[in-house]
Amino acid sequence: EPEVTQTPSHQVTQMGQEVILRCVPISNHLYFYWYRQILGQKVEFLVSFYNNEISEKSEIFDDQFSVERPDGSNFTLKIRSTKLEDSAMYFCASIQTRSEQYFGPGTRLTVT
Amino acid sequence: TQLLEQSPQFLSIQEGENLTVYCNSSSVFSSLQWYRQEPGEGPVLLVTVVTGGEVKKLKRLTFQFGDARKDSSLHITAAQPGDTGLYLCAGYNNAGNMLTFGGGTRLMVKP
């Protein structure tokens, strides 16, 4: 069964460093999403991406964040200058139609 | 901003008992989804409800979407230890490009 994959599974970085989180969505899916989940808190929407552009973003998704689909398979989330409060699980999701989202296993980002 | 409130936050019951989890909002959602999340993993979709008043069954799980599409419930019959986990509801905005999650209900079913 097709699945969303994410790499790395765990990323440790120092405050102020740039990180890129990678996702490979399901191949025939058209809509892509990033979410984050701070430990013990709810899953929060960051951004949705369709047709090579951002279609919606939340207040969390400030200028420090960017997304890119550099080729036909990868979908990346970049955080330019990480802060301690960016430590969280980051989930990528993709859908074919506007209904069932398929989530990846997540990347645990730890900022020290 | 659309918000979803789930209740209860925590639920500990004995095997064989029935339970209901609620997901409420003051906003209307175009559709609502229920997920289950295991520790360290991404949410896994259980069901999507789209029509007001819709009821869907998945074995011992029954999902209902409120008539006004502002709330939903998940009922589990004869809970089993394998049902233990975090249950999340999530709703799409009308544009269908943003999914808002509730805070989750952490269920523990004791044998």
Side-chain angles (χ1 to χ4, degrees), chain A residues 1-7 9-10 21 23-26 29-51 53-61 67 88-110, chain B residues 1-10 21-25 27-51 54 56 58 63 65 69 72 85-106 108:
Chain A
E1 185 177 326
E3 58 183 18
V4 176
T5 60
Q6 289 185 242
T7 55
S9 57
H10 191 190
L21 309 183
C23 169
V24 178
I26 295 174
H29 285 190
L30 302 175
Y31 301 82
F32 314 109
Y33 303 80
W34 283 101
Y35 296 85
R36 81 171 185 189
Q37 187 176 31
I38 295 170
L39 186 63
Q41 297 187 23
K42 64 170 64 177
V43 176
E44 299 174 291
F45 169 81
L46 291 178
V47 66
S48 58
F49 192 85
Y50 171 71
N51 201 26
E53 60 182 28
I54 291 173
S55 58
E56 186 73 57
K57 60 182 181 179
S58 71
E59 295 170 350
I60 303 167
F61 195 87
V67 288
M89 283 289 287
Y90 288 81
F91 295 106
C92 171
S94 70
I95 60 172
Q96 187 178 43
T97 60
R98 287 181 175 175
S99 57
E100 303 174 359
Q101 292 203 8
Y102 292 86
F103 282 77
T107 292
R108 181 173 297 283
L109 177 64
T110 302
Chain B
T1 302
Q2 294 179 305
L3 294 175
L4 278 168
E5 298 290 335
Q6 281 188 246
S7 62
Q9 287 183 285
F10 301 97
V21 175
Y22 300 94
C23 177
N24 295 299
S25 176
S27 305
V28 175
F29 289 93
S30 60
S31 67
L32 202 138
Q33 304 182 340
W34 285 90
Y35 291 84
R36 179 172 163 176
Q37 185 180 22
E38 302 297 337
E41 298 180 12
V44 175
L45 181 70
L46 297 174
V47 78
T48 300
V49 285
V50 179
T51 308
E54 183 176 3
K56 281 192 174 178
L58 190 65
F63 304 86
F65 202 11
R69 290 187 290 130
S72 181
L86 179 65
Y87 290 84
L88 303 167
C89 66
Y92 266 115
N93 62 347
N94 286 332
N97 57 10
M98 180 172 162
L99 198 60
T100 299
F101 277 84
T105 294
R106 190 165 297 280
M108 175 175 289

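Just so we're on the same page: letters track the sequence lines, and every chain starts at 1.
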- Query: Non-hydrogen atoms of chain B under 4.5 Å away: do they reach the side chain of E44(A), the backbone, both or neither?
  - Reply: neither
[atom2] on [Y] to [atom1] on [X], rounded to 0.5 Å:
X: E56(A); Y: N93(B); atom1: CD; atom2: CG; answer: 6.0 Å
X: F45(A); Y: T100(B); atom1: CZ; atom2: OG1; answer: 8.5 Å
X: S55(A); Y: M98(B); atom1: OG; atom2: CE; answer: 11.0 Å
X: M89(A); Y: E41(B); atom1: CE; atom2: CD; answer: 9.0 Å
X: L99(B); Y: I95(A); atom1: CG; atom2: CD1; answer: 8.5 Å

- Query: Is it the case that more than 12 heavy atoms not belonging to Q9(B) sit under 6.0 Å from its CD atom?
  - Reply: no
- Flag the pair Q101(A) / Y35(B) as yes when at least one side-chain heavy-atom distance between them is below 4.5 Å, and no otherwise. yes
- Note on the structure: Applying side-chain hydrogen bond (donor to acceptor under 3.5 Å, both in side chains) to S9(A) and not counting sequence neighbours gives none
- What part of L4(B) is in contact with chain A, defined as an atom under 4.5 angstrom from a non-hydrogen atom: side chain, backbone, both or neither? backbone
- Please state whether the side chain, the backbone, both or neither of Q37(B) comes within less than 4.5 Å of a heavy atom of chain A. side chain
- When heavy-atom pairs shorter than 4.5 Å are enumerated against chain B, which of Q6(A), K57(A), Q37(A) gives the highest number? Q37(A)
- Hey, which of Y35(A), F103(A), F91(A), F49(A) has the most heavy atom pairs under 4.5 Å with chain B? F103(A)
- Item | Non-hydrogen atoms of F101(B) and V43(A) that approach each other most closely | CB-O, 3.4 Å
